[in-house]
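Okay, so here's the structure we're looking at.
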Amino acid sequence: MDVFMKCGEYTTADEVREAGLYPYFKPLTNNEGTEAVIGDHHLIMIGSNNYLGLTVHPKVRQAAMEAIERFGTSCTGSRFLNGTLELHLELERRLAEFMGREATLVFSTGYQVNLGVIGAIVGRGDYVITDKEDHASIIDGCRLSYGTMKRYPHNDLEGLDRVLASLPEEAGKLVVVDGLFSMGGDIAPLPDLIPICRKYEARLMVDDAHSVGVLGGGRGTVAEFGITEGVDLVMGTFSKSFASLGGFIAGDAGVIDYIQHHARSLIFSASIPPANAAAAMAALEIMIAEPERIQRLIEIGAYMRKEYRQLGFNIGETQSPIIPIIIGDDMTTLRVWKALFDAGVYTNPVISPGVPAGLQLLRTSYMATHTDEQLDRVLDTFAKVGQALGVI
Ligand SMILES: Cc1ncc(COP(=O)(O)O)c(C=O)c1O
């Protein structure tokens, strides 16, 4: 049988294209942060993870340009060999200080952090336990590891306890959760997870991709809860609040040193380019120097949640500036997406199998740099489209 046969048989994308509802891979011709242009559509952007609006900040741009001038455009090699610059080490030192951890290690993407860390830590005979709504990169990290993966229902503490209780006492165990869930915008109950992990001697890793720069004064969910012990590893990414590309893992120095020598996605891939490392460092400096940005983002999140609820939209359990608009079926979700797009609002439709059937949604997320006027235009558009299509 031809291994390409499945490609010819795949018709879903064409069907959606023919219906005029295809929402993916649309090229932006201009991107000012809160506003973007796609074709002849001028859009308010509420589909980006640029939470602090720093991708267009003059200091971040300047830092990236200076790094290119000094180091060139690429490291053309792995961190392990020729691809480590003093810039990477400086970034790791500053991140460790910011996150209140002994050490950090910078990877080329957040996706690679999860692949590399889980793959390095979870060995043969070990178990890795995940929340059912964990990000795909965590699932892929589990698949790449030599250990056995177990899952528990979303944020279900009894479910986690049951899974851990069923595992051999002597086996190594790593629990991995999103700190702030990327689709639902809700937060993992870390203070309640920690004692359960302790009871079974499981280590806990938190993926704070969406909460570094957003919650806990920018330091993520661990700081949000005021936790000082019990979270062993924290991952973060530069592709969201840090306005760049790359990611990091933070933890005890001995564990980070082990990961550095065993994470395949670090060792067998080229290091984060100088411009991206410098942009992330500049973003970190701004996060520390201008806490009012984070404050504004939190206020925007609270305002939008209140307004969407008042309009009658189902926004689930979100507690953050990630606000899902739950529509409930694939075609209606695409129709609402298209109507919003045509009316000048960019959102991200998430249909099955990306979310379970019945939970198809438009993922909306906000930036500290959105103006009140932009936000009210978004709400006004949602109200009109929601009524016209019978969603509210
Ligand atoms: C929860 C979570 N973890 C990890 C990642 C991967 O991050 P990156 O974009 O840096 O590869 C993402 C990105 O979508 C994410 O949402």
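When the side chains of ILVMFWY residues are joined at heavy-atom separations under 4.5 Å, either directly or via intervening members, Met99 and Ile227 end up in a single hydrophobic cluster. Val60 and Phe242 end up in the same hydrophobic cluster when Ile, Leu, Val, Met, Phe, Trp and Tyr side chains are linked at under 4.5 Å. Under a hydrophobic-cluster definition in which Ile, Leu, Val, Met, Phe, Trp and Tyr are linked whenever side-chain heavy atoms come within less than 4.5 Å, directly or via other members, Phe98 and Leu215 are assigned to the same cluster. Under the 4.5 Å side-chain heavy-atom criterion for grouping Ile, Leu, Val, Met, Phe, Trp and Tyr, Trp337 is connected to Val378 within one hydrophobic cluster. A single hydrophobic cluster is not seen to contain both Ile256 and Leu115; linkage of ILVMFWY side chains at heavy-atom distances under 4.5 Å, directly or through other members, places them apart.
Between Ile392 atom CD1 and Leu311 atom CG the span is 5.5 Å, to the nearest 0.5 Å. The distance from atom CD of Glu35 to atom CD of Gln374, rounded to the nearest 0.5 Å, is 4.5 Å. One distance of note links CZ of Phe225 with OG1 of Thr221; it measures 7.0 Å at 0.5 Å rounding. Annotation: the span from Leu362 atom CG to Ile315 atom CD1 amounts to 13.0 Å, rounded to 0.5 Å. One distance of note links SG of Cys142 with CG of Asp134; it measures 7.5 Å at 0.5 Å rounding. The OG atom of Ser241 sits 7.5 Å away from the CD1 atom of Ile294 when rounded to the nearest 0.5 Å.
Checking side-chain atoms of His41 against main-chain N and O of Ala36 turns up no donor-acceptor pair under 3.5 Å. With Asn348 contributing its side chain and Gly47 its backbone, the two residues share a donor-acceptor pair below 3.5 Å. Counting only distance, with no hydrogens or angles, the side chain of Asp330 and the backbone of Leu334 share no donor-acceptor pair below 3.5 Å. A donor-acceptor contact shorter than 3.5 Å links the side chain of Ser365 to the backbone of Ser48. Judged by distance alone, the side chain of Thr29 and the main-chain N or O of Val37 form a donor-acceptor pair under 3.5 Å. Here the side chain of Thr84 pairs a donor or acceptor atom with the backbone of Arg79 at under 3.5 angstrom. Side chain of His88 to backbone of Ile272: a donor-acceptor contact under 3.5 angstrom is found. Checking side-chain atoms of Ser74 against main-chain N and O of Pro273 turns up no donor-acceptor pair under 3.5 Å. Without hydrogens or angle criteria, Ser145 side chain to Gly119 main chain gives no donor-acceptor distance under 3.5 Å. Counting only distance, with no hydrogens or angles, the side chain of His261 and the backbone of Asp257 share a donor-acceptor pair below 3.5 Å.
Between Gln112 and Ser269, the side chains place a donor N or O and an acceptor N or O closer than 3.5 Å (distance only, hydrogens not considered). Between the side chains of Thr332 and Asp329, at least one donor N or O lies within less than 3.5 Å of an accepting N or O. Asp252 and Tyr258 share no donor-acceptor pair across their side chains, judged by distance under 3.5 Å alone. Counting only N and O atoms by type, the side chains of Tyr111 and His135 include no donor and acceptor under 3.5 Å apart.
When side chains are defined from C-beta on, Asn82 counts as touching Thr76, because their heavy atoms get closer than 4.5 Å. In this structure, the side chains of Ser239 and Thr109 stay at 4.5 Å or more apart for every pair of heavy atoms. Counting heavy atoms from C-beta outward, Met205 and Ile138 have side chains that stay 4.5 Å or more apart. Side-chain contact between Leu21 and Met331: present, with at least one pair of heavy atoms (C-beta onward) separated by less than 4.5 Å. At least one side-chain heavy atom of Arg377 sits under 4.5 Å from a side-chain heavy atom of Glu373.
For the pairing with Tyr51, the side chain to side chain contact (heavy atoms under 4.5 Å, CB included) check across Arg293, His210, Met367 returns one residue only, His210. The only option from Ile249, Leu266, Val106 that meets the side chain to side chain contact (heavy atoms under 4.5 Å, CB included) definition with Val113 turns out to be Ile249. Considering Val175, Val122, Ile139, Thr148 as possible partners of Val128, the one that fulfils the side chain to side chain contact (heavy atoms under 4.5 Å, CB included) test is Val122. A side chain to side chain contact (heavy atoms under 4.5 Å, CB included) with Ile129 is found for one member of Leu174, Leu160, Val177, Leu204 and no other, namely Leu160.
A salt bridge is absent between Lys59 and Glu66: the closest approach of a Lys/Arg side-chain nitrogen to an acidic carboxylate oxygen does not fall below 4.0 angstrom. Using a cut-off of 4.0 Å between Lys/Arg side-chain N and Asp/Glu carboxylate O, Glu292 and Arg296 are scored as not salt-bridged. For the pair Arg93 and Glu90, the salt-bridge criterion is met [side-chain N within less than 4.0 Å of a carboxylate O]. Remark: Asp161 engages Lys199 in a salt bridge, criterion side-chain N to carboxylate O under 4.0 Å. Look at Asp140 and Arg143 and you find a salt bridge, because one of the NZ, NE, NH1 or NH2 atoms lies within 4.0 Å of a carboxylate O, short of that distance.
The minimum heavy-atom distance linking Tyr366 with Tyr308 is given by the pair OH-OH, 2.7 Å. What you find for Val355 and Val350 is that their closest heavy atoms are CG2-O, 3.5 Å. For Arg219 against Ala223, the heavy-atom pair with the smallest separation is CB-CB, 3.6 Å. Pairing each heavy atom of Arg101 with each of Ala250, the nearest pair is CG-CB, 3.7 Å. Considering all non-hydrogen atoms of both residues, Ala278 and Leu87 come closest at N-CD2, 4.1 Å. Across all non-hydrogen atoms, the minimal contact from Asn155 to Ile187 is ND2-O, 3.5 Å.
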Practice problem: Begin with the C-alpha distance, continue with both residues' side-chain angles, and end with the deciding distance and a verdict on side chain to side chain contact (heavy atoms under 4.5 Å, CB included) for Ile323 and Phe313. | Solution: CA-CA 11 Å; Ile323 306 182; Phe313 285 102; over 6 Å; no
Quiz item: Checking side chain to side chain contact (heavy atoms under 4.5 Å, CB included) for the pair Leu361/Ile325: CA distance, chi angles, key distance, verdict?
Solution: CA-CA 5 Å; Leu361 55 90; Ile325 310 292; 5.8 Å; no
Quiz item: Please walk me through it: do Arg162 and Tyr152 pass side chain to side chain contact (heavy atoms under 4.5 Å, CB included)?
Solution: CA-CA 9 Å; Arg162 257 196 313 278; Tyr152 65 93; over 6 Å; no
Exercise. Given side chain to side chain contact (heavy atoms under 4.5 Å, CB included), test Met304 with Leu379 step by step and report yes or no.
Key: CA-CA 8 Å; Met304 296 304 276; Leu379 289 166; 3.8 Å; yes
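In this view, Asp2 satisfies the salt bridge (Lys or Arg N to Asp or Glu O under 4.0 Å) rule with no residue, not counting sequence neighbours.
Judged by the 6.0 Å distance and 45° axis criteria, Lys26 is positioned over the aromatic ring of Phe341.
Atom CD of Glu97 sits in a sparse spot, with 12 or fewer heavy atoms from other residues, nucleotides or ligands closer than 6.0 Å. No more than 12 heavy-atom neighbours from other residues, nucleotides or ligands sit within 6.0 angstrom of CD on Glu169. Surrounding CZ of Arg264 are at most 12 heavy atoms belonging to other residues, nucleotides or ligands under 6.0 Å away. Remark: Glu158 CD is loosely packed, at most 12 non-hydrogen atoms of other residues, nucleotides or ligands lying under 6.0 Å away.
The aromatic rings of Tyr24 and Tyr22 lie perpendicular to each other, with more than 60° between the two planes, well past the 30° mark.
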